[in-house]
Amino acid sequence: MSLLTIDIGGTSVKYAIWDEEQLKEKNSFLTPESWEELKNKLVQIKESFEEQYELYGVAFSAPGAINHIERQIEGVSEVPYIHFFPIYDELEHAFDLPVTFENDANSAGLAEIWRGAAVDKSNVLFVVLGTGIGGAIIVNSEIQHGHHLLGGEFGFMLLDGEQTFSELGTAVAMARRYAKRNNKPTSTISGEQVFQLAEEGDIIAQEEVKKFYHYLVRGLYNLAYSFDPEVLLIGGGVSNQPDLIEKINEEMDALFGRLRVPPFRPKIELCTFRNDANLIGAIYNFIQKYEQME
């Protein structure tokens, strides 16, 4: 039997079949502008796969705060029409199959626990560095959603005055600072370009890269000493930067050299999965929930 796994994103919707312990038939489409369009498209995909695979459920990764008790998606996201209505019920009726949902960052964290860099570890922080900073808190191999379903929203931490981790510690924020200092539109400069300019000797780019690591490491330090995880995993677009962990460790060395701290150094590593993380984590979430349903 096989699972259909779906990752709803603000720009695109990815999907695949989990069959024989691997992802098959991976594909995607642009995120529709309405719920009816999305639901109809997903039903078409499910029906087309049923011609070849015996499906026993549909596993979703989605943005927002997933309320498993109320069986709906709360909070806000770039896909506003998926929030605050009985989405589980509608899809289970449309698919005639059981459905599970998990937040996208939590799904990525679950993928690492199940098949990635956190296998055999039970207490892990997963930090996603994107436009903002999100992540997952995993304790005893389970996602900690928090009282308000906002566990893992690390980007709201204040790092400097009233500026948040998301406003200071991302490559996107670095690119915005660089563009502003050079009187360029922020949309014309990417974080990847700033890293490259720094390598080429651009002084302003070098200063902004240094600031990026300064704020990133302080955020990671605070998280490590707040939760004391076995490992702190970094994901998101900037995790493709080849010397990211090396630079983080250099900045952490400098920080430890200036502070009196308890005798433990955070273990920081890259995540294993990239583009498939949400799909794989959604599968693991379904398997865990399905076992409880049986």
Side-chain angles (χ1 to χ4, degrees), residues 7 23 61 102-144 151-155 157 159 165-166 168-174 191-192 195 209-257 259 261-285:
D7 176 30
L23 289 177
S61 163
E102 186 51 270
N103 167 267
D104 43 15
N106 287 342
S107 293
L110 285 172
E112 298 299 326
I113 280 283
W114 189 33
R115 299 276 172 108
V119 169
D120 299 326
K121 294 179 173 61
S122 59
N123 298 306
V124 177
L125 289 186
F126 181 71
V127 181
V128 182
L129 303 175
T131 304
I133 295 177
I137 303 166
I138 300 170
V139 177
N140 296 326
S141 301
E142 294 184 353
I143 294 291
Q144 304 300 299
E153 293 292 348
F154 306 132
M157 287 194 308
L159 285 192
F165 195 7
S166 285
L168 295 170
T170 68
V172 173
M174 173 185 73
E192 187 176 3
F195 284 123
V209 169
K210 185 174 178 62
K211 284 183 188 176
F212 162 72
Y213 284 111
H214 170 88
Y215 288 119
L216 174 58
V217 166
R218 272 146 188 76
L220 298 178
Y221 171 91
N222 290 339
L223 290 173
Y225 275 93
S226 296
F227 293 96
D228 190 13
E230 294 170 75
V231 64
L232 203 159
L233 296 176
I234 307 296
V238 78
S239 65
N240 294 314
Q241 192 66 20
D243 60 351
L244 180 72
I245 296 299
E246 177 186 345
K247 294 296 187 184
I248 286 174
N249 284 328
E250 287 177 5
E251 182 67 24
M252 192 70 76
D253 286 339
L255 179 61
F256 269 63
L259 298 176
V261 295
F264 111 77
R265 181 189 175 89
K267 184 178 182 181
I268 301 170
E269 298 179 353
L270 293 179
C271 63
T272 298
F273 299 108
R274 298 293 193 270
N275 292 334
D276 294 339
N278 295 1
L279 293 172
I280 293 170
I283 292 161
Y284 186 45
N285 177 62

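Residues take their numbers from the sequence shown, with the count starting at 1.
Atom NE2 of His214 and atom CG of Leu159 lie 8.5 Å apart (nearest 0.5 Å). Here the OG atom belonging to Ser226 is positioned 7.5 Å from the CE atom belonging to Met157, to the nearest 0.5 angstrom. Atoms CG and CD1, from Asn285 and Ile143 in turn, are 8.5 Å apart once rounded to the nearest 0.5 Å. Distance OH/Tyr284 to CG/Leu110: 7.0 Å, rounded to 0.5 Å. Taken to the nearest 0.5 Å, the CD1 atom of Ile137 stands 9.5 Å off from the CD atom of Glu153. Here the straight-line distance linking atom NZ of Lys210 with atom CE of Met174 works out to 14.0 Å at 0.5 Å rounding.
Counting only heavy atoms from C-beta outward, the side chains of Leu216 and Leu129 approach each other to under 4.5 Å. Ile268 is not listed as a side-chain neighbour of Val231, based on a closest heavy-atom distance of 4.5 Å or more. With a 4.5 Å cut-off on side-chain heavy atoms, Asp228 and Phe264 count as touching.
Heavy atoms only, all atoms of each residue included: Ser61 and Asn278 are closest at OG-CB, 3.4 Å. Between Val119 and Trp114, the closest heavy-atom pair is CG2-O, 3.5 Å. Considering all non-hydrogen atoms of both residues, Gly109 and Ile138 come closest at O-CD1, 3.5 Å. A pairwise comparison of heavy atoms in Glu269 and Ala117 identifies OE1-O, 4.4 Å as the closest pair. Here the closest heavy-atom approach between residue Val127 and residue Leu232 is recorded as CG2-CD2, 3.5 Å. Residues Ala173 and Ser166 share a closest heavy-atom pair of CB-O, 4.2 Å.
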Donor-acceptor list for residues 233-242 side chains, cut-off 3.5 Å, not counting sequence neighbours:
{"unit_1": "Ser239", "atom_1": "OG", "unit_2": "Gly236", "atom_2": "O", "d": "2.5"}
{"unit_1": "Asn240", "atom_1": "OD1", "unit_2": "Arg274", "atom_2": "NE", "d": "3.2"}
{"unit_1": "Asn240", "atom_1": "ND2", "unit_2": "Gly237", "atom_2": "O", "d": "3.3"}

Does Phe273 form a side chain to side chain contact (heavy atoms under 4.5 Å, CB included) with Arg115? I'd like the steps, not just the answer.
CA-CA 9 Å; Phe273 299 108; Arg115 299 276 172 108; 3.6 Å; yes
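Ring geometry for Phe212 against Phe195 counts as perpendicular: the plane angle is over 60°, on a 0 to 90° scale with 30° as the lower cut.
Checked for salt-bridge contact, Asp253 and Arg265 meet the test: a charged N lies under 4.0 Å from a carboxylate O. Contact check on Arg218 versus Glu251 returns a salt bridge, with a Lys/Arg side-chain nitrogen under 4.0 Å from an Asp/Glu carboxylate oxygen.
Judged purely by atom type and a 3.5 angstrom limit, Glu112 has no side-chain atom pairing as donor or acceptor with the backbone of Phe126. Looking only at distances, a side-chain donor or acceptor of Asn103 sits under 3.5 Å from a matching main-chain atom of Ala105. Without hydrogens or angle criteria, Asn106 side chain to Glu102 main chain gives no donor-acceptor distance under 3.5 Å. Panel note: side chain Tyr221, backbone Pro266; no donor-acceptor pair is recorded below 3.5 Å.
Applying the ring pair (Phe, Tyr, Trp, His ring centres under 6.0 Å) test to residues at least two apart or on different chains, none of the pairs has a partner in residues 237-256.
Not counting sequence neighbours, Glu192 has no partner by the salt bridge (Lys or Arg N to Asp or Glu O under 4.0 Å) test.
The number of heavy-atom neighbours closer than 6.0 Å to CG of Asp243, taken from other residues, nucleotides and ligands shown, is above 12.
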